[in-house]
Amino acid sequence: MNTTRIRTIVEKEWAEVFKNRLVIVTVAALPLLFAFLPLVVLGTTAGTMSSAGDVTDLPPSFLKACGALPPFECMQVYILNQFLVLYMMMPLIIPTSIAAYSIVGEKTTRSLEPLLATPITTEELLIAKGLAAALPAIAATWGSFLLFALLAPLVGATAGVSAAIFSPTWLTAVFLIGPLMAVLSVNFAVMVSSRVTDPRAAEQIAGVLVVPLMALIFGQIAGLFVINFTLMLSVAVVLAVIDAGAIYLGAQVFQREAILTKWK
Amino acid sequence: MIEADGLTKVFPGEAKGTTVTAVDNLALSVEEGEVFGFLGPNGAGKTTTVRMLCALIGPTAGRAAINGYTVGQNDQAIRASVGILTESPGMYDRLSAERNLLIFARLYGVPDPAGQARKYLQLFGLWERRGDPAGSFSKGMRQKLAIARAMLHEPRVLFLDEPTSGLDPEAARLVRDAIEQLKGEGRTIFLCTHNLDEADRLCDRIAIFKTRLVTVDTPAALRRRLFGRQVVFHLGRVDGALAETVRALPFVQEVKALDTKLVVRLDEPDTQNPAIVRALVAAGADVQFVGELRRSLEDVYLQLIQTAP
C-alpha cells in the first residue's frame, strides 16, 4: 500500500470535485442547515413548552426512557431525537455527491484509463476515492454536530437537554454510525456509478439509502421503538456487517478489467 | 522489448452464453528503438491488444512480456515501465495542465515531479499555458499534454493509441513531430493508427491486424511483396510496338501501356532501367522521364484487409 499515491489521488479528487458548485453546496450547506434547524426548534420550543400537559402525546415508551427529566425537557429531547437521524443522514448524502461526481465524472471524461495505466493498485485507488468522499462528509457531520451541541445552551437547552445531546446515544450515532454510514454510502455510490453515465443519476439512485433512516424517524413517532443507546449500538453492529458486504461488492465492481470493459 | 505469443482475448458476448474473440493468437516481437505500427479497421482488437500489453486487462490465453516483465505476473512493474497514450486523452479538465502532470508524476513515483512536468511542458511548447485548465486547451494541445503525461516517468516503451485521431491537419502535424522527436531519442513506440500516411512515415515495421495478425513487415517490403517494383516510363507516344519491345526483354515481368506511359514491373529497377531505356530509344521512343511508381500504404492495407479471413 503506497500512501503517496493514495494522498495524491485524495488531493486530486478534492481539487477537482470542490470546483463543482453543486458539490460545494451539498458539503457546506447541508451541515449548516442540519446544525441550525434543531437550534431553531430548540429556541422556539424553549419558551412555549412549560406545562406537563404538552408531553401527554409522547409515546409512553419514550416518556419512560426520559426517566427523571422534567416533562418539557423530555419533550425537547424527543424532538431533538428526530434531528439525530439527520446526523446519520448527512454522512450518507455527502459522500454520494462526491463519489458520484468523482467516479462518474472520470468515467464520462474517460480519465480513468490513464489513471489505471499507472502503477496504482485498484485497492489504493478505491481507498483513495473512498477517503476523498468520506472524509469531508465525516468532518462536516462532526463539525455540524459540535456547532449544534455547543450553541444549544445559548438557545435555551437546559443542562438536562445538553446532557442528552452528549449522551452515549447521540455520540454513538454521530461518531460511530456516521463514519459507518459514510463507508456504506461510498461503496454504494461506486456500485451505482459503474452502471450510470450521469453523476446526478448516480446521486439520486444512491439516495435510496436514506429510506431506512426515515423509518427510524417514523418508527419513533409511531411509538414502535425509542431511539436509545441500545438501538444505536444495534444499528452500528448491523451497519458494520452491511459495510463489510458493501466493501466486498464495491471492490468486485471496481476492478481494472471491469472498469475498462464492462462499465457503460 | 515487446513480445507476444499466442495472445488471445475473449469477451462474453451480448447474448447469454456467447463469446466474442477480440484478439486471436497474436504473436509479435518489437525490438528496442523500433517504431512499430499496428494497423487495423475499427473493432479489429487494437485497443484490446494495447490494454493487454500494458497490463490493464489480462489475456484469456497466451503470453506477453514487456521490458522483460510478464503480463499477468508483473503487472505493476509493466505499468511502471511503459507510457501509454489512451484513445481519449482523458485529462482532468478542471485542473491546470501543470497540475495534471504533477498528479501523474507522483503516481509514477518520479523523484522530481515539478522538474519533470516543467521539462515536458517546455518540450511540447505548453509551458506558457501551464496554469490554464486542461479543459481550455485545443484538441492538439490536449493530445500533446497527454503524450507529455505518458513520458513523465521516462519510459523506454510507449504505446500510442490513435494519437492523431480527430485532430485537424495542423494539430496532427504537431503530434507527429512530437512522435518523431521521441523516435529520435531511441524509444520503442507501439503506434496504433488509422492514418496510413502517418504509419508509412513514422514506422520501421507495420503489423496489419484484424482480430488475427494478417502480416508484419517494413512498409517497403509490404509494397514489394504485394505489388513488386514498378517503373513508369513517360514517353512522347506509346504504341503496341514499343510495349512489345520492352516485353521482349528477359527480365521484364509485366508491361502495361497507359496513355503516354509504360508501367513496367521489375525485380531490380536500379540495374534493369538502363537496358529498357536503351531498347526504347533504339525503337524510336522519346523517353521524357523515368520514375518508380510508389504504391501507397493504403493500397497495401486495403489489399491485405480485404483478403484477410
Side-chain angles (χ1 to χ4, degrees), chain A residues 1-24 98 101-129 132 197 199 252-264, chain B residues 9-12 20 22 47-48 50-60 74-96 99-110 113 133-135 142 145-147 149-150 152-153 155 158-159 161:
Chain A
M1 197 71 68
N2 183 313
T3 52
T4 306
R5 289 198 288 255
I6 292 174
R7 206 176 58 239
T8 301
I9 295 297
V10 170
E11 287 170 2
K12 188 275 289 180
E13 294 292 320
W14 288 347
E16 224 195 0
V17 166
F18 289 121
K19 282 199 163 81
N20 186 313
R21 277 188 206 153
L22 202 64
V23 176
I24 294 172
I98 299 175
Y101 276 92
S102 120
I103 298 169
V104 180
E106 285 219 69
K107 202 167 124 179
T108 50
T109 57
R110 301 174 80 181
S111 54
L112 264 177
E113 187 168 358
L115 192 57
L116 293 169
T118 69
I120 196 166
T121 63
T122 40
E123 290 79 14
E124 287 165 356
L125 189 55
L126 190 56
I127 288 169
K129 286 206 173 269
T197 50
Q252 291 304 303
V253 168
F254 205 80
Q255 292 295 322
R256 267 186 174 75
E257 184 145 353
I259 293 167
L260 293 172
T261 61
K262 291 183 186 158
W263 283 28
K264 301 289 179 210
Chain B
K9 184 69 185 177
V10 180
F11 290 112
V20 176
T47 299
T48 301
V50 168
R51 284 174 172 174
M52 282 194 285
L53 294 176
C54 291
L56 282 166
I57 60 174
T60 310
N74 318 102
D75 288 355
Q76 210 175 358
I78 290 173
R79 289 197 296 272
S81 71
V82 303
I84 178 170
L85 172 73
T86 50
E87 208 172 345
S88 163
M91 308 306 303
Y92 299 121
D93 288 347
R94 291 169 186 268
L95 305 184
S96 71
R99 183 81 187 257
N100 266 280
L101 295 193
L102 286 174
I103 289 165
F104 279 83
R106 290 191 185 114
L107 291 175
Y108 278 110
V110 170
R142 286 163 65 80
L145 188 60
I147 296 175
R149 182 181 60 193
L152 285 167
H153 54 303
L158 265 170
F159 289 86
D161 196 355

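Here is how names work: the chains are called A, B, and so on, in the same order as the sequence lines, proteins then strands, and each is numbered from 1.
A/Glu16 has its side chain out of reach of B/Arg99: every pair of non-hydrogen atoms, C-beta onward, lies at least 4.5 Å apart.
Interface summary for chain A: among B/Thr86, B/Leu85, B/Asp93, the most heavy-atom pairs under 4.5 angstrom belong to B/Thr86. Chain B forms the most heavy-atom pairs under 4.5 Å with one residue out of A/Pro119, A/Ala117, A/Ala15, and that residue is A/Pro119. Highest contact tally toward chain A, considering only B/Ile103, B/Ile57, B/Leu107, is held by B/Leu107 [criterion: heavy-atom pairs under 4.5 Å]. Contacts with chain B were tallied for A/Leu260, A/Ile120, A/Thr109; A/Leu260 has the most, counting heavy-atom pairs under 4.5 Å.
At distances below 3.5 Å, not a single donor-acceptor pair connects side-chain atoms of B/Arg106 with backbone N or O atoms of B/Pro113. Remark: the backbone N or O of A/Lys19 is paired with a side-chain donor or acceptor of B/Arg94 at under 3.5 angstrom. Without hydrogens or angle criteria, A/Glu257 side chain to B/Gly58 main chain gives a donor-acceptor distance under 3.5 Å. Between the B/Arg149 side chain and the B/Asn100 main chain, no donor and acceptor come within less than 3.5 Å of each other. The main-chain N or O of A/Arg5 is found under 3.5 Å from a side-chain atom of A/Asn2 such that the two form a donor-acceptor pair.
To the nearest 0.5 angstrom, B/Thr48 atom OG1 is 8.5 Å from B/Lys9 atom NZ.
The parts of A/Glu11 that come within reach of chain B are both its backbone and its side chain, each placing non-hydrogen atoms under 4.5 angstrom from that chain. Neither the backbone nor the side chain of A/Leu112 comes within less than 4.5 Å of any heavy atom in chain B. When heavy atoms are compared at a cutoff of 4.5 Å, B/Leu56 approaches chain A by way of both its backbone and its side chain. B/Pro89 touches chain A through its backbone: at least one of N, CA, C or O sits under 4.5 Å from a heavy atom, while the side chain does not. Contact of B/Phe11 with chain A is made through the side chain alone, with heavy-atom distances under 4.5 Å.
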